[in-house]
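Read through the structure below, which is laid out as structure tokens, and then see the notes.
Protein chains get the first letters and strands the later ones, always in sequence-line order, with residue 1 at the start of each.
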Number of protein chains: 2
Amino acid sequence: MLAQKQVEARMRSFPERCRAAGLKLTHQRTAIFNVLACTERHPSPEEVYEAVLPELPSISLATVYKVLDLFHRHGFLRKVSTEQQAARYDANLGPHHHLLCDRCGRIEDVAVPAADTLAAPDAGDFSVSHFDIIFHGVCGACRSEPAGGR
Amino acid sequence: MLAQKQVEARMRSFPERCRAAGLKLTHQRTAIFNVLACTERHPSPEEVYEAVLPELPSISLATVYKVLDLFHRHGFLRKVSTEQQAARYDANLGPHHHLLCDRCGRIEDVAVPAADTLAAPDAGDFSVSHFDIIFHGVCGACRSEPAGGR
DNA sequence: TTAGATGCAAATCTTTTGCAGTGCG
DNA sequence: CGCACTGCAAAAGATTTGCATCTAA
């Protein structure tokens, strides 16, 4: 599952990574990162908040949101989407996947012939029905735009 | 891109599909489905609402939400996620993808060795940086549960 | 005729923002 | 000490719900 060694390695390098990124090392950030480093559960901001609450009773949910976003922007965390709250609809039921522009949010369809052969992996006790692939990138329009900036 | 023929085919079969699903055919539903059938833009509920407004000035956003959800549950539409509002975080930055239980929302990591060879497809003017695969299914815990229910 | 659908308004939830106070470097 | 960070409260969005009214079948 989640090797203890791996958790330790992630935590050990955390202060240095913050320094490298020019981020101050605070209790809140350490606690939040620790929660994420110790789990494979992919918690929501709310869940992260609840997980750090015992340790930092005065932390605010807004801080959790800010820190998660910060970590994500610095590549410390991955953001995983679940459709649960996403709400983008598509009437094209044929086999295809999506290109998502990380800059402007535009979504386009892509055919991915190679995906046909992509068998559901060893999914343990999960019974897989189908899968979606999201290719992240920057669309032509955004790429040709002057400045980037978030 | 989106062949006129395809749009027509989708719209032509719509009444029958509603009947088959035991859904009443209303102006609102037809207009909403038509918007989705004519676009590849993957609109949000809000965008769908605005698109049907000229035709049905008195439609409410709540109806759009209800109808989209209904269509999705009946398999008329795909729901595409974008992370933009999803907010599930993961500190595992290594190559892996995700299993999502459609029943309870649980997310698990999966290694997908075959995905390594999955090249970014012909993405037009999109420059792809990375991709995520979400395998949908039902987890063991949910599968062994008595009733299903939404 | 009537079960199912809509529209409205209010309630919920999630996420973001502004700002004053705090603490890391 | 100064600037970045936090906490709070309020704002802004997104989505859902209850209910009276309407309408497709």
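Axis orientation changes by 40° from one end of the helix from C/dT1-D/dA25 to C/dG25-D/dC1 to the other, with each end axis drawn from 5 pairs and the value rounded to 10°.
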Tabulate protein N/O versus nucleotide N/O from nucleotides 5-10 of chain C, keeping only pairs under 3.5 Å, one per line.
| unit_1 | atom_1 | unit_2 | atom_2 | d |
| --- | --- | --- | --- | --- |
| C/dA5 | OP1 | B/R29 | NH1 | 2.9 |
| C/dA5 | OP1 | B/R29 | NH2 | 3.1 |
| C/dA5 | O5' | B/R29 | NH2 | 3.0 |
| C/dT6 | OP1 | B/T26 | OG1 | 2.9 |
| C/dT6 | O3' | B/Q28 | NE2 | 2.8 |
| C/dG7 | OP1 | B/Q28 | NE2 | 3.1 |
| C/dG7 | OP1 | B/S58 | O | 3.4 |
| C/dG7 | OP2 | B/S60 | N | 3.4 |
| C/dG7 | OP2 | B/T63 | OG1 | 3.1 |
| C/dG7 | O6 | B/K66 | NZ | 2.9 |

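Every residue two or more places apart in sequence or in another chain that forms a side chain to side chain contact (heavy atoms under 4.5 Å, CB included) with B/H74 is listed here: B/A21, B/L23, B/L70, B/F76. Listed by chain and number, the residues in a side-chain hydrogen bond (donor to acceptor under 3.5 Å, both in side chains) with B/S13 amount to none (sequence neighbours excluded). Residues satisfying the side chain to side chain contact (heavy atoms under 4.5 Å, CB included) criterion with A/V52, sequence neighbours excluded, are A/A31, A/I32, A/V35, A/I59. Evaluation of the side chain to side chain contact (heavy atoms under 4.5 Å, CB included) rule for A/A62 yields A/S60 as partners, not counting sequence neighbours. Under the side chain to side chain contact (heavy atoms under 4.5 Å, CB included) criterion, A/E8 pairs with A/Q4, A/R12, sequence neighbours left out. When the side-chain hydrogen bond (donor to acceptor under 3.5 Å, both in side chains) test is applied to A/H97, no partner is found at least two apart in sequence or on another chain. Residues passing the ring pair (Phe, Tyr, Trp, His ring centres under 6.0 Å) test with A/F14 are A/F33, A/F71, sequence neighbours excluded.
For the pair A/L61 CG and C/dT12 C1', the interatomic distance rounds to 15 Å; values are reported in whole Å. One can place CG of A/L25 at 16 Å from C1' of C/dT22, the figure rounded to the nearest angstrom. Between A/F14 atom CZ and C/dC24 atom P the separation is 14 Å, expressed in whole Å. Rounded to whole angstrom, the span from the OH atom of B/Y49 across to the P atom of D/dT16 amounts to 17 Å. A/H72 has its NE2 atom 14 Å from the P atom of C/dT15, to the nearest Å. Atom CD of A/E46 is separated from atom P of C/dT15 by 9 Å (rounded to the nearest Å).
The main-chain N or O of B/A141 is found under 3.5 Å from a side-chain atom of B/S144 such that the two form a donor-acceptor pair.
Listed pair B/Y65 / D/dT15 meets the phosphate criterion, a side-chain N or O lying under 4.0 Å from OP1 or OP2.
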